[in-house]
Every structure is written in C-alpha cells, then in structure tokens.
Amino acid sequence: VDCYSCGQQDLAFSWTDVVKQDIELDKIKGQLKKRENASSVDVIWAAGSAGFFSNEEDTSIELLNYKKILNFTFDISYLFSGKEVHFHLFSSAGGLFEGQTAVTSLNVAKPLRPYGWLKLRQEELVNQMSGIFNYTIYRPSTVYGYLPKGRLGIIAVMLSKSIKNQFIE
C-alpha cells in the first residue's frame with residue numbers, strides 16, 4: 001500500500017531477474033529524486049533468498065543481489081549528498097558463529113557453511129563503505145520463531161516444552 005502523504009511507498013524488486021532489478025532500482029531512484037526534501041534515506045537488507053542450508057550457488061547469487069543494493073545505496077548517498085543515508089544489514093549470528101558457545105564481542109566469526117560465509121562477506125563489503133554512508137549491522141540469531149519441519153528457536157523450544165511440562169535441555 002502506498003502512503004504518499006507519509007512518504008511511504010512499496011516498490012517491487014525482483015530476486016531472480018537481473019534485468020528487472022536494474023529497471024526497478026532506476027524506478028526507485030526516480031521516486032527518491034521526487035523526495036529531495038527528505039532529511040534521510042534508510043536502505044534495509046533484511047531478507048534475501050538464501051537460508052541457513054543454502055549451497056554455494058544460492059549464496060553466490062544472493063551476494064550479487066546484495067552488491068547491487070550496496071551500489072544502489074552508494075548512488076543514493078550522492079543523490080542525497082549532505083543528507084543522512086543509512087544502510088541497515090541484518091546479518092546472522094547463527095551463520096557467523098555456528099558451533100561456538102557463549103559468544104561475546106571477543107569471538108571471531110568462523111563460518112562453517114556457505115550461508116555463514118555469505119553473511120561474513122556481506123559485513124566485509126558494507127564495512128568497506130565506511131565514510132560513504134552510515135550503516136548498522138544487526139546479528140540476530142534463531143532465538144525467535146517457528147518453522148514447521150525446521151529447527152526451533154530457543155524461545156519456541158522453551159514455550160513448547162513448558163506447555164508440555166518437559167525439561168528444557
């Protein structure tokens with residue numbers, strides 16, 4: 001739903017068609033140009049098509065899409081020169097620190113599978129943009145949520161076991 005008066009508008013972005021992606025990103029830039037009075041622009045990378053069990057081919061495609069969005073954000077930072085452009089990257093603590101326990105800020109990311117390597121590379125690439133635009137990296141883990149036939153997050157496990165009056169291991 002579009003909300004022109006509040007500055008919100010949903011615009012398409014294809015995950016699979018690179019030709020469409022360029023057209024759609026140009027359209028988004030055009031819409032942003034119309035909002036030159038905006039004090040800031042936030043670009044959020046919170047999804048993608050790759051998941052924890054993705055293979056190298058899937059993660060390489062996702063990395064190309066990510067690079068395209070980083071380049072888009074780079075372009076936007078010049079379009080909105082003098083205004084705040086902020087990139088938000090949702091990474092993955094689980095992917096980066098899989099197999100490690102009691103992870104703190106002192107732990108070094110040591111990915112074990114392609115998804116973790118993808119997340120590490122995404123973080124490295126956005127870190128290279130330091131000084132061009134602001135960014136924040138978020139590293140959520142699978143502490144929330146429920147996936148049928150998938151791994152439960154810790155909160156879902158605790159709720160499920162509590163309802164069944166079972167010991168939480």
Side-chain angles (χ1 to χ4, degrees), residues 1-96 111 113-153 155-156:
V1 175
D2 294 340
C3 177
Y4 295 104
S5 62
C6 64
Q8 279 186 280
Q9 186 178 5
D10 289 338
L11 298 167
F13 181 75
S14 172
W15 291 107
T16 56
D17 188 331
V18 294
V19 174
K20 264 186 168 178
Q21 287 175 348
D22 292 336
I23 294 167
E24 291 162 349
L25 288 174
D26 284 343
K27 184 176 180 181
I28 294 169
K29 281 181 199 171
Q31 291 298 316
L32 286 171
K33 285 179 185 176
K34 293 177 184 178
R35 301 177 199 278
E36 60 188 36
N37 297 356
S39 59
S40 65
V41 176
D42 290 276
V43 178
I44 303 168
W45 181 271
S49 56
F52 198 73
F53 299 103
S54 293
N55 59 34
E56 286 186 37
E57 182 181 349
D58 294 335
T59 59
S60 65
I61 292 168
E62 172 119 351
L63 187 58
L64 292 174
N65 288 331
Y66 177 79
K67 287 178 179 179
K68 192 169 279 200
I69 298 302
L70 268 186
N71 288 332
F72 167 81
T73 308
F74 178 86
D75 293 346
I76 295 303
S77 68
Y78 283 99
L79 181 66
F80 282 85
S81 182
K83 298 179 182 180
E84 182 179 353
V85 174
H86 199 104
F87 185 85
H88 303 268
L89 168 61
F90 281 79
S91 188
S92 170
L96 294 168
R113 53 180 95 216
Y115 179 74
W117 286 107
L118 166 69
K119 293 301 174 183
L120 184 60
R121 185 69 182 127
Q122 288 175 337
E123 289 188 13
E124 290 169 348
L125 288 168
V126 76
N127 282 322
Q128 291 173 6
M129 296 294 181
S130 181
I132 297 171
F133 52 79
N134 296 319
Y135 62 89
T136 303
I137 298 171
Y138 308 91
R139 288 180 169 172
S141 185
T142 55
V143 295
Y144 305 107
Y146 170 75
L147 294 171
K149 299 181 184 176
R151 181 175 159 213
L152 293 177
I155 302 299

- prompt: Any side-chain heavy atom of F133 sitting closer than 4.5 Å to one from V126?
  reply: yes
- prompt: In Å, rounded to the nearest 0.5 Å, how long is the span from CG of D58 to OG of S60?
  reply: 7.5 Å
- prompt: Rounded to the nearest 0.5 Å, how far apart are CD of E123 and CG of L118?
  reply: 10.5 Å
query: Got V18 and Q21 here, is their nearest side-chain heavy-atom distance under 4.5 Å?
result: yes
- prompt: Can you name the closest pair of heavy atoms from P111 and G116 and give their distance?
  reply: CB-C, 3.4 Å
message: Let's go through M129 and T73 carefully: what are the C-alpha distance in whole Å and the side-chain angles of both, what is the deciding distance for side chain to side chain contact (heavy atoms under 4.5 Å, CB included) to 0.1 Å, and is it a yes or a no?
response: CA-CA 10 Å; M129 296 294 181; T73 308; over 6 Å; no
Any side-chain heavy-atom pair of I28 and I76 under 4.5 Å: no
message: Within the structure provided, determine whether L70 and Q122 are in side-chain contact (heavy-atom separation under 4.5 Å).
response: no
message: Taking salt bridge (charged side-chain N to carboxylate O under 4.0 Å, His left out) as the cut-off, I'd like each qualifying pair that reaches into residues 74-96, sequence neighbours left out, listed once.
response: K29-D75
task: Give a yes or no on whether E124 atom CD has more than 12 heavy-atom contacts from other residues, nucleotides or ligands under 6.0 Å away.
output: yes
message: Under 4.0 Å between a side-chain nitrogen and a carboxylate oxygen: does that hold for E24 and K27?
response: no
query: Where do S91 and L96 come nearest, in terms of heavy atoms and distance?
result: OG-CD1, 3.6 Å
message: Rounded to the nearest 0.5 Å, what separates atom NZ in K67 from atom CZ in F74?
response: 15.5 Å
task: For a ring pair (Phe, Tyr, Trp, His ring centres under 6.0 Å) with F90, tell me which candidate from Y138, Y135, Y66 qualifies.
output: Y138
statement: Between Y115 and S92 the two heavy atoms that sit nearest each other are CE2-OG, 3.5 Å
message: Do H86 and S40 pair up side chain to side chain, a donor and an acceptor below 3.5 Å, judged on atom types alone?
response: no
field: CZ-CZ distance between R113 and F52, expressed to the nearest 0.5 angstrom
entry: 4.5 Å
field: Residue from I137, I69, N134 passing side-chain contact (heavy atoms from CB on, under 4.5 Å) with F87
entry: I69
task: Output all residues satisfying salt bridge (charged side-chain N to carboxylate O under 4.0 Å, His left out) with D42, sequence neighbours left out; order by chain, then residue number.
output: none
field: Identified side-chain contact (heavy atoms from CB on, under 4.5 Å) partner of F72 from the options L25, D26, D22
entry: L25
task: Mark yes or no for whether S130, through its side chain, and N127, through its backbone, hold a donor-acceptor pair below 3.5 Å.
output: no
Donor-acceptor pair, side chain of E62 and main chain of S49, under 3.5 angstrom: yes
- prompt: Considering only heavy atoms from C-beta outward, does the side chain of W117 approach that of T59 to under 4.5 Å?
  reply: no
query: Could you state the interatomic distance from CD1 (I61) to CH2 (W15), rounded to the nearest 0.5 Å?
result: 12.5 Å
